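Quick caveat, the model's predicted, so the values are computed rather than measured.
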Amino acid sequence: MTNLTIPPHNDVQLHKAAQRLRWFLAAYEHQIHTTEEETGNRYRTDEKKLTRVFADWLKDFEAQKPEDPRDNTAYVGFAAGLMLRALLRHQPSVSEGLPNQADMSNPAHFWPEGYLYVAFCLNVRGLVLQSDYHEEQNLSDLMTEIRTWWSFRENAQEDPSRAIGFLDLFAGDEPEWAFPQIFRVKLARSGKGRSPKPIGPGKSGAAPSQVPDDGGH
């Protein structure tokens, strides 16, 4: 996954700039160009849907924003998961073509839209952590593992909130499968633990959807 070149943010902390529609639209456009160059995919994007993505994300972001500054770093990852959920709900981008001889074992070609959304969320997540909190994001090898992407797509289609846990998984963090849509620091403090699922959730916190061995339905 190629790193994103971020738009200017006028000396404002990056996590603050990312809460502005203009910056979000510019960053997403950068991600489309970057992903197209990296993968050979081509995308068409509906800006009205993309604006609704931002509006929904901002509402969800504000609803659970932590009061304790010690939770801010953890909230960066959660906010990125909320963005992925909003993108999957509204589907603002559509693949208009794959490269010749596309490799369907490559997640970028297996699910072009999902790959674009994940790349955008992980890139912004990593940039905010590095710029504002001096922390590095270390992506998991599962980012390139096609069986994980099969499970991700199936689960996200059933319930977009499950995508929050998968983004944590791709980012190398421990996912919250049982209640992914609730900020996990709150869960930890309330005594409600995490479900130690290795790939992703199934219905009602059960095991993840099974992926066929031959890589197809």
Side-chain angles (χ1 to χ4, degrees), residues 4 6 9 12-25 27-28 31 49-92 114 117-140 152 155-197 200-205 208:
L4 180 66
I6 61 171
H9 46 98
V12 177
Q13 284 188 305
L14 186 54
H15 73 277
K16 295 290 187 183
Q19 297 172 48
R20 298 173 179 174
L21 177 60
R22 181 179 298 179
W23 188 95
F24 166 75
L25 294 175
Y28 191 81
Q31 184 64 66
K49 287 185 177 181
L50 192 58
T51 300
R52 287 198 291 271
V53 166
F54 179 80
D56 283 1
W57 170 78
L58 189 60
K59 179 182 67 176
D60 292 340
F61 174 88
E62 293 289 348
Q64 297 192 59
K65 188 189 296 185
E67 296 181 359
D68 191 332
R70 294 173 299 176
D71 297 339
N72 286 351
T73 304
Y75 201 66
V76 171
F78 181 71
L82 293 177
M83 175 58 71
L84 180 58
R85 179 176 70 172
L87 287 164
L88 289 167
R89 280 176 170 170
H90 291 284
Q91 297 286 336
Y117 302 151
V118 167
F120 174 68
C121 294
L122 286 177
N123 271 323
V124 174
R125 181 185 190 276
L127 287 166
V128 171
L129 287 173
Q130 183 180 54
S131 172
D132 295 357
Y133 300 102
H134 310 292
E135 293 193 6
E136 293 294 327
Q137 176 175 253
N138 297 303
L139 299 184
S140 168
F152 170 40
N155 279 278
Q157 287 172 345
E158 291 179 7
D159 180 0
S161 288
R162 295 176 187 169
I164 298 170
F166 277 94
L167 195 73
D168 280 339
L169 193 71
F170 292 142
D173 287 349
E174 182 182 354
E176 164 54 53
W177 296 125
F179 304 99
Q181 71 278 17
I182 301 175
F183 184 41
R184 60 181 162 187
V185 170
K186 292 182 180 179
L187 286 173
R189 289 176 180 171
S190 69
K192 298 179 181 178
R194 301 175 184 173
S195 177
K197 298 294 183 284
K203 296 179 180 179
S204 303

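At a threshold of 4.5 Å between non-hydrogen side-chain atoms, the residues Asp56 and Arg89 do not count as touching. The shortest distance between side-chain heavy atoms of Val128 and Val124 falls below 4.5 Å. Proximity of Asn72 to Val76: side-chain heavy atoms (C-beta onward) are nowhere separated by under 4.5 Å. When side chains are defined from C-beta on, Leu50 counts as touching Leu25, because their heavy atoms get closer than 4.5 Å. A heavy-atom distance below 4.5 Å is found between the side chains of Asp60 and Arg85. With contacts defined as side-chain heavy-atom distances shorter than 4.5 Å, the pair Tyr117/Met83 does not qualify. Looking at heavy atoms from C-beta onward, Pro92 lies in side-chain contact with Leu87 at the 4.5 angstrom threshold.
Once rounded to the nearest 0.5 Å, the distance linking CD of Gln64 with CG of Leu82 reads 6.5 Å. Between the OG1 atom of Thr73 and the NE2 atom of His134 there is a distance of 10.0 Å, given to the nearest 0.5 Å. With rounding to the nearest 0.5 angstrom, the NZ atom of Lys49 is 9.5 Å from the NE2 atom of His90.
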request  = Evaluate side chain to side chain contact (heavy atoms under 4.5 Å, CB included) for Leu167 paired with Val118, printing each intermediate quantity in order.
outcome  = CA-CA 7 Å; Leu167 195 73; Val118 167; 4.1 Å; yes
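Contact between Ala163 and Leu88 at its shortest, heavy atoms only, is CB-CD1, 3.4 Å. Pro180 approaches Gly165 most closely through the heavy-atom pair CB-N, 4.3 Å. Across all their heavy atoms, Leu84 and Cys121 have their closest contact at N-SG, 3.5 Å.
Formation of a donor-acceptor pair under 3.5 Å by the Glu136 side chain with backbone atoms of Asn138 is not found in this model. Remark: the backbone N or O of Arg162 is not paired with any side-chain donor or acceptor of Asn155 at under 3.5 angstrom.
In summary, the aromatic rings of Tyr75 and Phe61 are positioned with their centroids under 6.0 Å apart.
Applying the side-chain contact (heavy atoms from CB on, under 4.5 Å) criterion to Lys59, with sequence neighbours excluded, gives no partner residue. Looking at residues two or more places apart in sequence or on another chain, you find no side-chain hydrogen bond (donor to acceptor under 3.5 Å, both in side chains) involving Gln19. Applying the side-chain hydrogen bond (donor to acceptor under 3.5 Å, both in side chains) rule to Gln181 yields no partners; only residues at least two apart in sequence or on another chain are considered. Residues that satisfy the side-chain contact (heavy atoms from CB on, under 4.5 Å) test with Ala18, not counting sequence neighbours, are Trp23. Contacts of Asp173 classified as side-chain contact (heavy atoms from CB on, under 4.5 Å), with partners at least two apart in sequence or in another chain: Arg125, Asp168, Arg184.
Relative orientation of the Phe152 and Phe166 rings is tilted, given thresholds of 30° and 60° on the angle between their planes. Ring geometry for Phe120 versus Phe24: interplanar angle over 60°, hence perpendicular rather than tilted (30 to 60°).
Sorted pairs that involve residues 72-84 and meet salt bridge (charged side-chain N to carboxylate O under 4.0 Å, His left out), not counting sequence neighbours, are lacking altogether.
Side-chain atoms of Gln137 and Gln130 form no donor-acceptor pair, as typed in the model, at a separation below 3.5 Å.
For the pairing with Leu127, the side chain to side chain contact (heavy atoms under 4.5 Å, CB included) check across Leu122, Asp132, Leu14 returns one residue only, Leu14.
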